[in-house]
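Each remark here refers to the structure printed beneath this line.
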Amino acid sequence: MQAIMASKLRRSFGGRDVLRGVDLDVDYGVIATLLGPNGAGKTTLIRILTTELMPHGGDAYVAGFDVVRHASEVRRRIAVIPQDAKPISYMTPHEFVYSYLLLRGLPRNDAGKAARDSLEELGLWELRNTPIYQLSGGMSRRVLVAAVLASSAEVIFLDEPTVGLDAASRRVVWNSLRRYSNDGATVFLTTHYIDEAEQISDVVYLIDNGLIISRGRPRELVERLPGKYVVEYPVSAGIDSCIRIGSSCFSFVNSLDEVGDGAIRVSPKSLEHYVLVTIKSWGEENEED
Ligand SMILES: Nc1ncnc2c1ncn2[C@@H]1O[C@H](COP(=O)(O)OP(=O)(O)OP(=O)(O)O)[C@@H](O)[C@H]1O
């Protein structure tokens, strides 16, 4: 049995197709990342898989249960951090995590121990009795992660869990997610940080315009690019300057440092290059958003 399975999943809003037949199969014990440009359908897919939104077609199973016909069975087995979620600000981290676990049905003793372990793991134990409104944005985001990781849910969904976190905090969260998946659970997350996806994912799903367009281990995806290296040309001026990767022209090269007179920079291929080549519109404004 797989942790997440979707077949030909469809959803539209106001007659516009947002998910156009998504196929997905995610194993247990992995960190799976959904990458895609703004408006690609990531949040819509997560909302369907977490039983918050009805699909208009296709099937989806989470932890072996149909998200439509057996939604309450699914809910018992998952934990979710929705996009833009915030913990309740007048609570303390300990109150928030502990009460979240009680509401999930854990006995008091188990909830107390799990809350403590998770707050310690996320580096929040010292701050456990500080009201959340006194914490920084990054700290309160970590409180949410502590809550879902304390849940022992079979599958956890995190919609952009590391937004606004500094580099050290991101690593704390990555380590915790890795520990959680090593224990056999599945972590399914979205992120706009391609370096994050490359570093922590066992498997990456690329979604564009409502369809999964590729899937694989980050290294496997990168290996699909022709050649071994990406050559980056430093350009001195001109808003129209760009580098070519395959047949695509990327103007972000303007932000590169000069390497030197006539010098070129040669770097190993990265997931970012793969994504840029595969999704040509990545980084452009999405008018419909
Ligand atoms: N409730 C809604 N009503 C109408 N349109 C919606 C609704 N929810 C999402 N959409 C539209 O569906 C498309 C996909 O949105 P979604 O939030 O799933 O994208 P996303 O990939 O998560 O984007 P982002 O990276 O910006 O978070 C967008 O064009 C959005 O405007």
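Nothing fancy with the numbering, it's 1 onward along the sequence. Atoms within a ligand are numbered from 1 in the order they appear, just like the ligands themselves. Quick caveat: nothing in here was measured; it's all calculated off a predicted structure.
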Sub-4.0 Å heavy-atom contact, Pro37 with ligand 1: yes

Does ligand 1 have an atom that lies less than 4.0 angstrom from a heavy atom of Gly36?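 So Gly36 does not count as touching ligand 1.
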
Select one of side chain, backbone, both or neither to describe which atoms of Val18 lie under 4.0 Å from any atom of ligand 1, heavy atoms only.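 The answer is the side chain of Val18.
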
Using a strict cut-off of 4.0 Å, indicate which atoms of ligand 1 neighbour a heavy atom of [X].
X	answer
Asn38	23 (O), 24 (P), 25 (O), 26 (O)
Glu160	27 (O)
Gly41	14 (C), 18 (O), 19 (O), 20 (P), 21 (O)

What pairs of residues pass the salt bridge (Lys or Arg N to Asp or Glu O under 4.0 Å) test when at least one of them lies in residues 39-49, not counting sequence neighbours?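 Qualifying pairs, neighbours excluded: Arg47-Glu52.
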
Which pairs pass salt bridge (Lys or Arg N to Asp or Glu O under 4.0 Å) with one or both residues in residues 142-161, sequence neighbours excluded?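 Only Arg77-Glu154 qualify under salt bridge (Lys or Arg N to Asp or Glu O under 4.0 Å).
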
Arg16, Lys42, Gln83, Arg47: member with heavy atom nearest to atom 29 (O) of ligand 1: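 Nearest option to atom 29 (O) of ligand 1, by heavy atoms: Arg16.
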
Considering Leu34, Thr43, Ile207, Asn209 one by one, which has a heavy atom nearer to atom 22 (O) of ligand 1 than any of the others?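 Selected option, by shortest heavy-atom distance: Thr43.
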
Using a strict cut-off of less than 4.0 Å between a Lys/Arg side-chain nitrogen and an Asp/Glu carboxylate oxygen, indicate whether Asp59 and Arg69 qualify as a salt bridge. no

Using a strict 4.0 Å threshold on nitrogen-to-oxygen distance, state whether Glu95 and Arg128 make a salt bridge.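 Salt bridge flag = no for Arg128 with Glu95.
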
Plane angle bin for Phe188 and Tyr205 - parallel if under 30°, tilted between 30 and 60°, otherwise perpendicular: tilted

Can you tell me if CG on Asn129 sees more than 12 non-hydrogen neighbours from other groups inside 6.0 Å?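 Counting neighbours around CG of Asn129, more than 12 heavy atoms of other residues, nucleotides or ligands fall under 6.0 Å, so yes.
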
